[in-house]
Protein chains: 2
Amino acid sequence: MSRTAQRRDALRATAAAQGLDAVLVTNLLNVRYLTGFTGSNGVLLVRTDGADLFGTDGRYTTQAGTQVPDVELLVDRATVAALARAAVQRGIGRLGYESHDLTVDGLAALEKVLADAGGAELSSVRRAVEAQREIKDDEEIDSLRRACTVADQALAELATEGALRPGRTELEVGRELDARMLQLGAEAPSFETIVAAGANSAIPHHRPDSTVLRDGDLLKLDFGATVEGYHSDMTRTVVLGHAADWQREIYELVAASQSAGRAALAVGADVVAVDAAARQVIVDAGHGEHFSHGLGHGVGLEIHEAPGIGQLGAGTLAAGMAVTVEPGVYLPGHGGVRIEDTLIVTDDEPELLTLTSKELLVL
Amino acid sequence: MSRTAQRRDALRATAAAQGLDAVLVTNLLNVRYLTGFTGSNGVLLVRTDGADLFGTDGRYTTQAGTQVPDVELLVDRATVAALARAAVQRGIGRLGYESHDLTVDGLAALEKVLADAGGAELSSVRRAVEAQREIKDDEEIDSLRRACTVADQALAELATEGALRPGRTELEVGRELDARMLQLGAEAPSFETIVAAGANSAIPHHRPDSTVLRDGDLLKLDFGATVEGYHSDMTRTVVLGHAADWQREIYELVAASQSAGRAALAVGADVVAVDAAARQVIVDAGHGEHFSHGLGHGVGLEIHEAPGIGQLGAGTLAAGMAVTVEPGVYLPGHGGVRIEDTLIVTDDEPELLTLTSKELLVL
């Protein structure tokens, strides 16, 4: 049985437990997760009796046949409406839907179609598929591993070639990093690549601009690659030319915090406690106010997904979760350091997917 | 007055005409359009009295200050809730919202916040901002022009360097095209680049794979660049080595259809009639069934936006609209040709933004 069929079965069990006859999955990433379909229009009806139905439009007939060979196909330009109509015609009385994805207008249209077709009762399944997606299976972990390898390799090549040197601009470095990841097999960068030099490195989410890299700068690179839809996420901070004492000091501090955060990644650990384990190191050094964001987040088909690991998070870690650990210390006007890895929570030590060294690199 | 301030004033007028005190803009592209903000979390309250409020979270405090200097800033992690609360506190009684963007869960949360804050009446403004966005101003057209130039230049360079030759794979060509666009200043490809060789060219939306380009193949390239958030969209079909008669024949047919479609782009023209002008050429040649999609679509901050130009479209063209014209003839199992430009509708001739030659290129 394919991984996607297994995932549909898991959703089927959730739907049955909620007394539903079927779930209409409209979130496109959830549809991809449950079917493997990568087009821009796809809707899935998962039925508790197993007779699922996949809907798309005429642009994707061939692609749907290849990517979703094991689900009955319905081709219609008005995909959600056609699938809802088919559901009622095939006897679905209680239909689950994704209230976090469907818009207000979308729900109104769906209610009208259902009523016109003879009626069905709607009930939200909330984030049932997202909850499944928190635990990655082996195929997903393989994709994440490849995505992390592409990012590792792109950075290694640029560093070796001397691309990270004084005189270049943030924007040039960012574009080169993006282009290299594509050459190495990424479908796209995971998000808008952050390249932040000198004082800009103190801005957590700086957009690369025409700032010129200078000798003595901290250079913060936060970037990732997308492979088979899965996102890698890594931050490394290097120093150009020579490192000043204050730079070494905050680097070592962030590295120690990051190490403590990684060590706290265990099955059953509370996400607030994981954040605290890393944060305490920075607080103890008197820099608590300079670590202004959460410790990390889940990563997968989205760059940010559940679980959030932070002071406002909730829940515990489980084996198979893919998460980032990314503390930072930012000294406004001077510079900042962030160190971030992507890891898999396991019953044993967490598996590190981003393998670039975390020793302070002076280029 | 900045372009973004002018756009907010136009929305303000729409809101006033609907008897609203303010509009809560949650669609992130609409927020970008109205403010210039490019971060991943931004919400805008446009008030009829002019005292607008822009909300984001702590990651973007600096960026919001730079990109949105002329709107009062509210920083809060729970951005929509904070903005809604502020609206009620500042006397907003009738609040417009985007029912095509806000999810069912989002509306429930918004209703609760408003009720807790003392109450306000909600009313959908539908796609009011999208309607504004159909007509591009000069800044937007400049961005589109640059995006089209990047795509033109990337293709020209690859063709000159011999990158489009037998022996290479679709995936290699696609990645090279993407990387070249980034080097030339694109923020990203506009969408997943289509490279389709031989029989694959008959699949309208083929995903590039390991198919090897061969002598005598039709090679269809559908791609674009994003510059300042604006998307270009162009398709060219070339032949490798030598062109067979049937290939020349459908190429000339599609070129004639595309020319007819471009000629029909006039202020006041009905979108169904524009589609028909191009389609009739293909129907007359007996290939009507092989042109299986609409003629074109609006393009801007999204790769597909209003107006749709097709048999199921509605409405008329206006000066300043940016649209594609992209007829195709697809012969299943053999090959297909599509030719697509991005153009601006004007009171005179349409302005062609994608300047790559449409003569049949034999490489």
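What you see below is based on every heavy atom in this structure, not just the backbone, and it leaves out hydrogens, waters and symmetry mates. All chains are named by letter (A, B, ...) in the order of the sequence lines, taking the proteins before the strands, and each is independently numbered beginning at 1.
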Hey, what donor-acceptor pairs show up under 3.5 Å between chain A and chain B?
| unit_1 | atom_1 | unit_2 | atom_2 | d |
| --- | --- | --- | --- | --- |
| A:Thr38 | OG1 | B:Arg207 | NH1 | 3.2 |
| A:Ser99 | O | B:Val104 | N | 3.4 |
| A:Ser99 | O | B:Asp105 | N | 2.9 |
| A:Ser99 | OG | B:Asp105 | OD1 | 2.6 |
| A:Ser99 | OG | B:Asp105 | OD2 | 3.2 |
| A:His100 | N | B:Asp105 | OD2 | 3.3 |
| A:Leu102 | O | B:Val104 | N | 2.9 |
| A:Val104 | N | B:Ser99 | O | 3.4 |
| A:Val104 | N | B:Leu102 | O | 3.0 |
| A:Asp105 | N | B:Ser99 | O | 2.9 |
| A:Asp105 | OD1 | B:Ser99 | OG | 2.6 |
| A:Asp105 | OD1 | B:Arg126 | NH1 | 3.3 |
| A:Asp105 | OD2 | B:Ser99 | OG | 3.1 |
| A:Asp105 | OD2 | B:His100 | N | 3.3 |
| A:Arg126 | NH1 | B:Asp105 | OD1 | 3.3 |
| A:Arg175 | NH2 | B:Gly185 | O | 3.1 |
| A:Gly185 | O | B:Arg175 | NH2 | 3.1 |
| A:Arg207 | NH1 | B:Thr38 | OG1 | 3.1 |

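- The part of A:Ile203 that comes within reach of chain B is its side chain, from C-beta onward, which places non-hydrogen atoms under 4.5 angstrom from that chain.
- The choice from B:Leu102, B:Val104, B:Leu182, B:Leu312 that makes the most heavy-atom pairs within less than 4.5 Å of chain A is B:Val104.
- For B:Leu171, no part sits under 4.5 Å from any heavy atom of chain A, backbone or side chain.
- Proximity to chain B is absent for every atom of A:Ala188, based on heavy atoms less than 4.5 angstrom apart.
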